[in-house]
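Everything on this sheet refers to the single structure shown next.
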Amino acid sequence: MPLREHRVLDAAAPGALIRALQRRDYRVLGPTVRDAAIVLDELHSAADLPVSWSDAQAPGIYRIVPQEHQAYFAYGNGPHSWKKYLHPPQSTLFTAERENCGFRILEPEPRDQRAMAFLGVHACDLAAIARLEQALTAGGDAGCAARRQRTFLVAIQCLHAGGACFCAAMQAGPRVADGYDLVIAELHGPPHHFLAAAGSERGAEVLAELESAAAGPGDLRELEQGIARAAQEQARKLDSAASHELLARVFDDAHWDKIAARCLGCGNCTSVCPTCFCTTVEDGSDVTGKHATRCRHWDSCFNPDFSYIHGGSIRASLRARYRQWMSHKLGAWIDQFGAHGCVGCGRCLTWCPVGIDLTEEFHALQEASHGNS
């Protein structure tokens with residue numbers, strides 16, 4: 001099957017695709033409805049997908065809503081990102097066991113080593129996966145890159161924007177351009193069908209197993225119109241080209257105090273962010289003192305102890321911690337890795353309990369900067 005050539009699949013394609021991946025012993029992961037949200041979990045069949053469900057999102061607001069028509073991929077970004085599989089929330093680095101007058105180091109028990117297949121990766125999350133891998137690899141952590149190499153990526157073209165999306169402003173979507181094994185787009189016609197194209201040799205092998213036909217001009221036109229519509233529907237804007245310079249200029253602006261007055265410092269934004277990679281290491285032992293464990297788990301720059309050095313925290317105020325997070329995402333990340341750390345997925349808006357909107361705060365800082373100039 002030629003790469004990048006679009007093929008038409010029928011409405012039963014998601015089930016056939018899942019079965020094709022399972023035959024290759026992939027652990028198929030994707031969206032499913034649980035606890036009144038669309039989350040990521042293991043999929044056993046197409047029935048596990050959020051069929052005929054969508055979501056409504058705004059800063060501090062999330063709910064799932066039923067759809068009258070059948071759709072498998074009519075949702076925005078939920079509280080989970082693919083980061084939890086590539087950069088696990090907690091991992092055991094090693095264990096130790098007391099032995100006579102000393103101790104010996106034991107290797108941790110191996111995790112599930114099956115290769116993974118991610119089904120339903122939006123363009124913003126595809127960009128986030130690449131940026132997360134780049135950041136962790138630069139820091140000497142090869143685990144994310146190794147897991148990514150074993151992972152089969154099925155991307156989904158966004159044909160409608162979610163309520164919190166601003167990926168177009170961050171040049172991270174809505175079009176899926178590269179970095180995938182397969183990309184699919186759900187078209188409602190009538191009839192309900194899918195377009196699919198392979199982006200790698202292993203993607204082409206899977207696509208060749210699915211019953212398909214050549215895509216016609218009408219299908220490709222509907223796809224292009226849908227991608228353009230998804231970009232136009234995004235009400236939130238952000239001048240990403242000016243963000244680095246702006247955030248350096250407003251470092252001491254009083255508007256940071258206004259943000260801090262609302263911020264709870266809970267760290268939700270960093271937990272749901274698909275590119276935040278901060279971790280800490282903790283040691284623990286059992287009550288006998290014979291066994292010890294060293295674990296690594298996610299941390300947050302909103303945690304006062306995260307920046308603790310001898311004598312106290314170097315970012316003791318919420319003002320300083322929010323400024324650090326936003327300035328890194330939209331400024332310093334460029335110095336480190338050559339791209340923004342934000343992909344415009346909108347999760348930090350939706351899952352902020354007080355509804356702080358990154359794009360609105362950016363605009364307020366822009367206005368404050370003009371007023372001070």
Side-chain angles (χ1 to χ4, degrees), residues 9 12-35 37-51 53 72-73 75 77-93 107-133 136-137 141-156 176 179-184 186 194 196 198-210 271-272 274-275 277 295-298 345 347:
L9 311 177
L17 175 57
I18 291 173
R19 291 190 295 273
L21 294 169
Q22 290 170 334
R23 285 194 294 271
R24 288 167 167 76
D25 202 30
Y26 283 112
R27 180 186 176 207
V28 183
L29 304 160
T32 192
V33 176
R34 190 179 71 232
D35 299 331
I38 297 174
V39 300
L40 300 178
D41 207 341
E42 186 162 0
L43 304 177
H44 302 285
S45 71
D48 293 330
L49 290 165
V51 184
W53 285 98
Y72 290 92
F73 303 103
Y75 58 92
N77 293 311
H80 294 173
S81 75
W82 306 98
K83 176 177 72 172
K84 72 173 187 171
Y85 299 109
L86 298 173
H87 180 47
Q90 180 168 322
S91 57
T92 300
L93 301 179
E107 292 294 325
E109 294 184 7
R111 300 173 61 89
D112 187 345
Q113 295 299 307
R114 279 187 301 162
M116 299 177 289
F118 295 169
L119 174 57
V121 185
H122 294 130
C124 58
D125 274 349
L126 206 58
I129 288 170
R131 295 178 197 186
L132 178 68
E133 179 184 340
L136 291 172
T137 302
D141 183 351
C144 177
R147 284 184 282 271
R148 163 65 187 89
Q149 290 303 313
R150 297 196 303 269
T151 301
F152 189 100
L153 298 182
V154 182
I156 182 76
V176 173
Y180 57 86
D181 294 295
L182 276 179
V183 60
I184 60 177
E186 186 170 20
F194 294 85
S200 69
E201 292 300 331
R202 62 183 179 180
E205 291 176 5
V206 171
L207 184 55
E209 287 188 17
L210 307 180
S271 294
V272 298
T275 63
F277 56 82
C295 294
R296 183 182 67 187
H297 59 80
W298 289 354
C345 70
R347 290 182 177 91

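Counting begins at 1 with the first residue of the sequence.
Of all heavy-atom pairs spanning P274 and S81, the tightest one is CA-OG, 3.6 Å. When all heavy atoms are compared, the tightest approach of L136 to C144 is CD1-CB, 3.6 Å. When all heavy atoms of A46 and V51 are compared, the closest pair comes out as O-CG2, 3.9 Å. A13 and F194 make their closest contact through CB-CD1, 4.1 Å (heavy atoms, listed as atom of the first residue, atom of the second, distance).
For the atom pair CG of L21 and CG of L119, the computed distance is 7.5 Å after rounding to the nearest 0.5 Å. If you take NZ on K84 and CG on L29, they are separated by 8.0 Å, rounding to the nearest 0.5 Å. Distance check: C295 SG to L93 CG gives 7.0 Å after rounding to the nearest 0.5 Å. Rounding to the nearest 0.5 Å gives a distance of 12.5 Å between CZ of R114 and OH of Y26. One distance of note links CD1 of I184 with CD1 of I156; it measures 4.0 Å at 0.5 Å rounding.
Looking at L153 and L126, their side chains come closer than 4.5 Å, going by heavy atoms from C-beta outward. Counting heavy atoms from C-beta on, the side chains of L207 and L9 come closer than 4.5 Å. The shortest side-chain heavy-atom distance between L182 and V206 falls under the 4.5 Å cut-off. The closest side-chain heavy-atom distance from R147 to Y85 is not below 4.5 Å. The shortest side-chain heavy-atom distance between L86 and F118 falls under the 4.5 Å cut-off. Side-chain atoms of S45 and I18, non-hydrogen and from C-beta on, never get closer than 4.5 Å to each other. Contact check for W82 versus T151: no side-chain heavy atoms found under the 4.5 Å cut-off. Two residues are said to be in side-chain contact when any heavy atoms from C-beta on lie closer than 4.5 Å; P31 and V39 fail this criterion.
Here the rule is side chain to side chain contact (heavy atoms under 4.5 Å, CB included) with V28, and of H44, E42, Q22 only Q22 fits it.
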Does E209 form a salt bridge (Lys or Arg N to Asp or Glu O under 4.0 Å) with R24? I'd like the steps, not just the answer. CA-CA 12 Å; E209 287 188 17; R24 288 167 167 76; 2.7 Å; yes
Would D41 and T32 count as a side-chain hydrogen bond (donor to acceptor under 3.5 Å, both in side chains) if you check the C-alpha gap in whole Å, the side-chain angles of each, and the deciding distance to 0.1 Å? CA-CA 7 Å; D41 207 341; T32 192; over 6 Å; no
Would you check, one step at a time, whether the test side chain to side chain contact (heavy atoms under 4.5 Å, CB included) holds for R148 with H87? CA-CA 10 Å; R148 163 65 187 89; H87 180 47; over 6 Å; no
Could you walk me through whether D48 and R34 satisfy the salt bridge (Lys or Arg N to Asp or Glu O under 4.0 Å) test, starting with their C-alpha distance in whole Å, then the side-chain angles of each, then the deciding distance to 0.1 Å, before giving a yes or no? CA-CA 10 Å; D48 293 330; R34 190 179 71 232; over 6 Å; no
Do L210 and L17 pass the side chain to side chain contact (heavy atoms under 4.5 Å, CB included) test, and can you show the C-alpha distance, the side-chain angles, and the key distance before you say yes or no? CA-CA 7 Å; L210 307 180; L17 175 57; 4.3 Å; yes
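By the ring-ring contact (aromatic ring centres under 6.0 Å, His included) test, Y180 is found to be paired with no residue, residues two or more places apart in sequence or in another chain being considered. Scored by the salt bridge (charged side-chain N to carboxylate O under 4.0 Å, His left out) test, R296 finds D141 as partners (sequence neighbours excluded).
R347 places a side-chain N or O within 3.5 Å of a backbone atom of G78 that can act as its donor or acceptor partner. No side-chain donor-acceptor contact under 3.5 Å links H297 to the backbone of P89. Between the D181 side chain and the V154 main chain, no donor and acceptor come within less than 3.5 Å of each other. Counting only distance, with no hydrogens or angles, the side chain of E186 and the backbone of Y72 share a donor-acceptor pair below 3.5 Å.
Close placement of the Y75 and H122 rings is indicated, their centers lying within 6.0 Å of each other.
K83 forms a cation-pi arrangement with W298, by the criterion of a distance under 6.0 Å to the ring centre and an angle within 45° of the ring axis.
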